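First up is the structure itself, then whatever we jot down about it.
Since we're looking at a predicted model, the values are computed, not measured.
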Amino acid sequence: MPRAVRVIDTGVRAGRENVAFDQALIEARNAGRVPETIRFLRFRPAALVGLHQILSHEVRLEYCARHGIEVGRRITGGGGLYLDEDQVCWELALERGRLPGDLASVAARICAAAAAGLRRLGVQAEFRPRNDIEVGGRKLCGTGGVIDGATLFFQGTLLADFDPQRMIEALRVPVEKLARRDLDDARRRVVTLRELLGAVPPVAEIQAALLEGFGELDLDPCWSEATEYEEQLARRLYDEQLGTDEFVRSLDAPAEGGDLVSATLVRKGGALRADLRLERGRIREALVTGDFFLSPARALLDLEAALRGVAAAEAGAAVEAFFARSAGELVGLSPLDFREVVQGALAQVRMKVQGRELRGHWRGARSSTSLVFLHDALGSVRLWRDFPDQLARATGCGALLYDRWGSGESEPLAPPYSPGYLLDEALQALPEVLSGMADVILVGQSDGASIALAYAGAHPARVRGVIALSPHLFVEAKTLGAIRDQISDYEKGDLKARLERHHGARTAALFARLVEVWTAKPPGAGWGLERYVAAVRCPVLAIQGEDDEFFSAAQLEALARLVPDLEVLRVAGAGHYPMHQARNEVLAAAIAFIRSATGASTGTSSQPQTPPRSR
């Protein structure tokens, strides 16, 4: 029999005020002071990060301050959100036992009910794991939740209308999407009620439809009002914690140092990052962040506390033991993912190359043939996302990823900047990185592809194959035009902020080298790579997006004149980052190429080859 549930509408409030009421509602429910509740709410302009996210990595703080956009931190996990009065938000605060099962199955039931309600408005809404409601593959409503004591708290944000430009300006979008593509990407990935219906229905009509959908959860909604107890508790929580800058800024990137090791893991259930500070072989401090959902909220703090003082060699087991004894629930991730990211940080590779410290990671098992990944001019290990993991798992090859000089977590660049830096890295730095590795397949992106090709020609006996993503041998007029756009975006837009998310204080020098070296060359000028590329004798797979912003098919034509064993893949609809923009097609081609190149040699070796030198 349906059970009565209170319905309240708390109107339009500031972001931090809404977060404070969220916590007040949970605490009031746990104390038995209010009934089970469905709450509708709306926001004044606000940029809210998830509970476990690093604030400065997710929000453009200066932009928000200039434009009166409040910055806050939610009490639930997930990613950063831009909210304003164009979204209709809803929340459920229910007894934990009302919807049995883990948080993932509960989320699926709630989202399915909300989607059923939205279909009453005339839209074909469906639940999409892990926590979205979509129409035709485009996101209409994002959701997330937490279990706190005896209360299940679950939220949804419905895009009645949406300004993607405002979202992009307020939040830091990852650098692998160039600024001029972000707006189109945002519009393609989301859809609004206005677009679907031609106009935004009255808020009361939207609320009524959702309430009818929630009836599928055996809820009998009854309209009421928020209690004075909740309002007073929300004001106190706002004043003492959730409305304070101290809470909002409680997670920030740790200061760098020789004792700090880091790793990032990307999974369908979210991104994880571990930053560990070591002392005499033990973990002195641990910080685990990301856009994942973990319930209860304090479980992450307990995990970090459980890792302090643990010997590095025992950290993985400590993570598993923590989850075995805790009641924490995850959506889309498992305790093994947390173990992997912690162990990945502890296994971070440090190499001295040409007297400079470079940092990287091994992925997968050591194997007789290894994949080595070389990122682009403004890239880093993190910006490969899970592309290397997918290749390593599918082929059985171990994979080395490292931040080139000046990028990610490696030593910063220092002027003067070499105009021949591509050859410098191919002929001087990369041989040191690969010392002890006699059988490799190089996977390079843009600059990294050019470096890989030149190295393969200089050391033909040591390279089994090259996968060259967006390779280039010379400067084009469109290259210089795209770099001019980047300069404008760096100076006036948000490119600098997005780069700093991955390179920190290294950003200025890294971008300065790009500008100084590339703009000094006229269209048609080369890098001196051709004589080495002409000596390549291994098979090469060259992949380029047909919409590459920087380079044309002329690069592939020039490559074809030099490399005898060349396979070319031009990817429709993809730009400069085909491994992300056409993921499945590029993965399939790369996996087939690696399997062909390695034959039976991809099995794990009983005597692994010597890894890069570590300090």
query: Any ion pair linking E411 and R359 (charged N to carboxylate O, less than 4.0 Å)?
result: no
task: Using distance alone, with no hydrogens and no angle criterion, decide if S262 and Q348 have a side-chain donor and acceptor under 3.5 Å apart.
output: no
- request: Just jot down the ring pair (Phe, Tyr, Trp, His ring centres under 6.0 Å) partners of F551, sequence neighbours excluded, or say none.
  value: H472, H576
- prompt: Less than 4.0 Å between a side-chain N and a carboxylate O, is that true for E134 and R128?
  reply: yes
Check: V475 main-chain N/O paired with T479 side-chain donor or acceptor under 3.5 Å: no
Compile the donor-acceptor pairs under 3.5 Å between side chains in residues 419-427 and protein atoms, sequence neighbours left out, one pair per line.
unit_1: Y421; atom_1: OH; unit_2: D447; atom_2: OD2; d: 2.4
unit_1: Y421; atom_1: OH; unit_2: W518; atom_2: NE1; d: 3.0
unit_1: D424; atom_1: OD2; unit_2: S418; atom_2: OG; d: 2.7
unit_1: E425; atom_1: OE1; unit_2: R404; atom_2: NE; d: 2.9
unit_1: E425; atom_1: OE2; unit_2: R404; atom_2: NE; d: 3.4
unit_1: E425; atom_1: OE2; unit_2: R404; atom_2: NH2; d: 2.9

task: Report the residues that fulfil side chain to side chain contact (heavy atoms under 4.5 Å, CB included) with A468, sequence neighbours left out, ordered by chain and then residue number.
output: A449, L453, V466, P471
Other residues, nucleotides, ligands: >12 heavy atoms within 6.0 Å of R393 CZ: yes
message: I'd like to know if R583 pairs up with D386 as an ion pair, taking the criterion as any Lys NZ or Arg NE/NH1/NH2 lying under 4.0 Å from an Asp or Glu carboxylate oxygen.
response: yes
task: Under the side-chain hydrogen bond (donor to acceptor under 3.5 Å, both in side chains) rule, collect the residues that match up with D291, sequence neighbours excluded.
output: none
field: Side-chain donor/acceptor of D403 to backbone N/O of V381, under 3.5 Å
entry: yes
query: Donor-acceptor pair, E432 side chain versus Q354 backbone, under 3.5 Å?
result: yes
- prompt: Got a sec, which residues hit ring pair (Phe, Tyr, Trp, His ring centres under 6.0 Å) with H52, two or more places apart in sequence or on another chain?
  reply: F292
task: Would you mind checking if E409 and R382 are paired as a salt bridge, meaning a charged N to carboxylate O distance below 4.0 Å?
output: yes
- prompt: Where is the tightest heavy-atom contact between A345 and A263, given as atom of each residue plus distance?
  reply: N-CB, 3.3 Å
message: Within the structure provided, determine whether D389 and W384 are in side-chain contact (heavy-atom separation under 4.5 Å).
response: no
- request: Run the salt-bridge test on R339 and D337 with the 4.0 Å N-O cut-off and return the result as yes or no.
  value: no
query: Thinking salt bridges, do D489 and R498 make one under a 4.0 Å N-O criterion?
result: yes
field: Pairing residues for Y63 by the ring pair (Phe, Tyr, Trp, His ring centres under 6.0 Å) criterion, not counting sequence neighbours
entry: H67
query: Where the side chain of Q53 meets the backbone of G80, is there a donor-acceptor pair that is under 3.5 Å apart?
result: yes
task: Please tell me if the side chains of L83 and T157 come closer than 4.5 Å, counting only heavy atoms from C-beta onward.
output: yes
message: Would the distance check show the side chain of R74 and the main-chain N or O of G77 forming a donor-acceptor pair, the cut-off being under 3.5 Å?
response: yes
field: Residue pair Y402 / S410, side-chain heavy-atom distance below 4.5 Å
entry: no
field: Side chain to side chain, L333 and F338, heavy atoms closer than 4.5 Å
entry: yes
query: With a 4.5 Å heavy-atom cut-off, do L346 and L276 have their side chains touching?
result: yes
message: I'd like to know if the side chain of R273 reaches the main chain of T289, judged simply by a donor and an acceptor atom lying under 3.5 Å from each other, with no hydrogens or angles considered.
response: no
- prompt: Side-chain contact, heavy-atom cut-off 4.5 Å: L569 with E585?
  reply: yes
field: Any V353 side-chain heavy atom under 4.5 Å of W405 side chain
entry: no
